[in-house]
Amino acid sequence: MKKLLLLLSISISFVFLGCSSKKVFEPKDVKDDWAYYGKANSKIASVASNAAMLETREVLLQDRLLDVKIDESYRLLGSSDGWVLSSTIDGQLKIDFIADETLTKKFNLKKTIAAASIKDDILAVLFANNDMALYSISQNSLLVQVQGTPSIAVDDRIVNPYFMNDLVLFLTLDGKIVIVNSESKKKLRTTIVSTDDNFNNVIYFNVVDNKLIAATSTKILSMAAKEVRVSYEMRDIVHLEKEIFITTKEGEVISLTPDLQLIAKIKFPFAHFLGLIIHNDKLYILEKQGYLIEVSRDLQTHTIYEVDIEDGFVFEADKLFYVKDEYISLE
């Protein structure tokens, strides 16, 4: 019994020693306090791919606050083609027209919804079981359904379906891009971004220099005439013109070509990045310990400022970081 207690005591000591020795970002070259702060009217309650919901249930886009409010028991899915989309856990989906808040439509899809987008009369839905479907909004009818493979655990950064002319690209929960033709109502192609077992959903998608760029939390794919993949442990990913910028879990800031060739990188040891915005040809990176890092586009110079932030949801707008019930302005 004494040996057991001794072993337990040693184990607990190692746990506390490990916790106390955990290293954090502690820059020595902090220039000043960042001066541009503001108080929001309400705390952020949840964040979607391109919008956030406040505790007042108002919807915050990257450039403005909307009059649209999300109904109780509904979760914000995002904004698409002039609509705000929200859903309940049992598959009730509601769309609210931004230009006319009295114009709303509801769909009973009967399954939990992970993501959804709209273009013209077509509603594209990715379900939580990884199934995909297209619906006619005006007819409230199913156009096509594609079965997916369920994923056990996912990253909360889920990307809404992407419309490209008559193609709909579903960014799945198991690390794939599924391309469906909305005219012929057929699945055309499936491309694998990553094959990790868990937390393998696509967290980013865009078209950069005529190449499809998709990323999970561990892999980036560039797809055009050929496919290129590289591995990074990613926090955030954005693009500007023909450059892709990522922040990693190792505290790196990296720039890549659309072919995923390395341009430059800089490392901030032990940094835990919360958000990334490109503004006025500079990168602004929010760090968990209370720092705002301003980095030149070529990643050759940087300036670090102190900011006062609390734990909470972070939403990246065009020129603002929203954190909990405050915002940090970049102007």
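No experiment lies behind these values; they were computed from the predicted model shown.
- Under the 3.5 Å distance criterion, the side-chain polar atoms of Arg157 are left unmatched by any main-chain donor or acceptor of Ser217.
- Using modelled atom types, one finds no donor on one side chain facing an acceptor on the other under 3.5 Å when comparing Thr88 with Ser73.
- No side-chain donor-acceptor contact under 3.5 Å links Thr190 to the backbone of Val178.
- Side chains of Asp259 and Thr257: a donor-acceptor N/O pair is absent below 3.5 angstrom, by distance only.
- Using a cutoff of 4.0 Å between basic side-chain nitrogens and carboxylate oxygens, Lys324 and Asp311 are not scored as salt-bridged.
- Annotation: side chain of Ile122 is in contact with side chain of Phe163 (closest heavy-atom distance under 4.5 Å).
- Side-chain N or O atoms of Trp34 include one that pairs as donor or acceptor with a backbone N or O of Ser329 at under 3.5 Å.
- The backbone N or O of Tyr162 lies less than 3.5 Å from no partner atom in the side chain of Ser117, so there is not a single donor-acceptor pair.
- By the 6.0 Å contact criterion, CG on Asp29 is enclosed, its count of non-hydrogen atoms from other residues, nucleotides or ligands being greater than 12.
- Partner of Phe205 under the side-chain contact (heavy atoms from CB on, under 4.5 Å) criterion, chosen from Ile237, Leu169, Leu221: Leu169.
- Glu243 has a carboxylate O that lies under 4.0 Å from a charged side-chain N of Arg297, or vice versa, which qualifies the two as a salt bridge.
- Of the possible polar contacts, one joining the Tyr37 side chain to the Asp308 backbone as a donor-acceptor pair under 3.5 Å is found.
- Cluster annotation: Leu240 and Ile293 are assigned to the same hydrophobic cluster (Ile/Leu/Val/Met/Phe/Trp/Tyr, side-chain heavy-atom contacts under 4.5 Å, transitive).
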Are Val146 and Phe170 close enough, and set up right, to give a side chain to side chain contact (heavy atoms under 4.5 Å, CB included), and what steps lead you there? CA-CA 10 Å; Val146 178; Phe170 288 94; 5.9 Å; no
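- Looking only at distances, a side-chain donor or acceptor of Arg75 sits under 3.5 Å from a matching main-chain atom of Ile113.
- Taking the six-membered ring for Trp and thresholds of 30 and 60 degrees, His239 and Tyr204 have ring planes more than 60 degrees apart, a perpendicular arrangement.
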Begin from the C-alpha positions of Gln261 and Leu256 and carry the test side chain to side chain contact (heavy atoms under 4.5 Å, CB included) through to its verdict. CA-CA 5 Å; Gln261 299 301 304; Leu256 304 168; over 6 Å; no
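- A distance of 9.5 Å separates NZ in Lys249 from CE in Met234, rounded to the nearest 0.5 Å.
- Counted within 6.0 Å of NZ on Lys187, heavy atoms from surrounding residues, nucleotides or ligands total 12 or fewer; the atom is thus considered open.
- For Asn41, the CG atom is loosely surrounded, since the number of other residues' heavy atoms within 6.0 Å does not exceed 12.
- Put simply, CG on Leu85 and OG on Ser79 are 7.5 Å apart, with the number rounded to the nearest 0.5 Å.
- Nearest approach of Pro258 to Ile213, heavy atoms of both residues: O-CD1, 3.5 Å.
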Thr191 and Met223: side chain to side chain contact (heavy atoms under 4.5 Å, CB included), yes or no, with the steps? CA-CA 9 Å; Thr191 298; Met223 184 172 69; 3.5 Å; yes
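- The two atoms that bring Phe25 and Ala271 nearest to each other are CB-CA, 3.7 Å, heavy atoms only.
- Remark: Ile285 CD1 to Phe321 CZ distance equals 8.0 Å, nearest 0.5 Å.
- Across Leu77 and Leu93, no two heavy atoms sit closer than the pair CD1-CD1, 4.0 Å.
- Residues Thr102 and Asp100 approach most closely at OG1-OD1, 2.5 Å, considering heavy atoms.
- By the neighbour-count criterion of 12 heavy atoms within 6.0 Å, atom CD1 of Ile89 is sparsely surrounded, having that number or fewer from other residues, nucleotides or ligands.
- With hydrogens and angles disregarded, no donor-acceptor distance shorter than 3.5 Å links the side chain of Asn201 to the backbone of Asp174.
- Between Arg235 atom CZ and Glu287 atom CD the span is 9.5 Å, to the nearest 0.5 Å.
- A pairwise comparison of heavy atoms in Phe97 and Val68 identifies O-CG2, 4.5 Å as the closest pair.
- A side-chain donor-acceptor contact under 3.5 Å links Asn160 and Ser49.
- Annotation for Ile44 and Ala52: closest pair CG2-CB, 4.2 Å, computed over non-hydrogen atoms.
- Judged purely by distance below 3.5 Å, without hydrogens or angles, the side chains of Ser136 and Asp121 pair a donor atom with an acceptor atom.
- The structure places NZ of Lys282 at 11.0 Å from CG of Leu330, a figure rounded to the nearest 0.5 Å.
- Looking only at distances, no side-chain donor or acceptor of Asp71 sits under 3.5 Å from a matching main-chain atom of Tyr74.
- Atom NZ of Lys186 sits in a sparse spot, with 12 or fewer heavy atoms from other residues, nucleotides or ligands closer than 6.0 Å.
- A donor-acceptor pair is defined here as one N or O able to donate and one able to accept, closer than 3.5 Å; such a pair exists between the side chain of Asn130 and the backbone of Thr149.
- Although no hydrogens or angles enter the test, the distance criterion places a donor-acceptor pair under 3.5 Å between the side chain of Ser151 and the main chain of Leu173.
- At a cut-off of 3.5 Å, with distance as the only test, no side-chain donor of Gln147 or Asp131 sits close to an acceptor on the other residue.
- Between Glu252 and Lys265 there is a salt bridge, since a side-chain N of the basic residue sits under 4.0 Å from a carboxylate O of the acidic one.
- Going from atom CG of Asp96 over to atom NZ of Lys106 covers 9.0 Å, rounded to the nearest 0.5 Å.
- Other residues, nucleotides and ligands contribute more than 12 heavy atoms inside 6.0 Å of the CG atom of Leu262.
- Crowding of Tyr36 atom OH: a count of heavy atoms from other residues, nucleotides or ligands under 6.0 Å not exceeding 12.
- Summarising the local packing, CD1 of Ile192 is surrounded by 12 or fewer heavy atoms from other residues, nucleotides or ligands at distances under 6.0 Å.
- Considering Leu283, Leu276, Val238 in turn, Leu276 is the only one that fulfils the side-chain contact (heavy atoms from CB on, under 4.5 Å) rule with Thr247.
- Remark: the Asn200 side chain and the Ser194 side chain contain an N/O donor-acceptor pair separated by less than 3.5 Å.
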Under the side chain to side chain contact (heavy atoms under 4.5 Å, CB included) rule, what do Leu65 and Leu54 come out as? Steps first, then yes or no, please. CA-CA 10 Å; Leu65 182 67; Leu54 305 180; 3.8 Å; yes
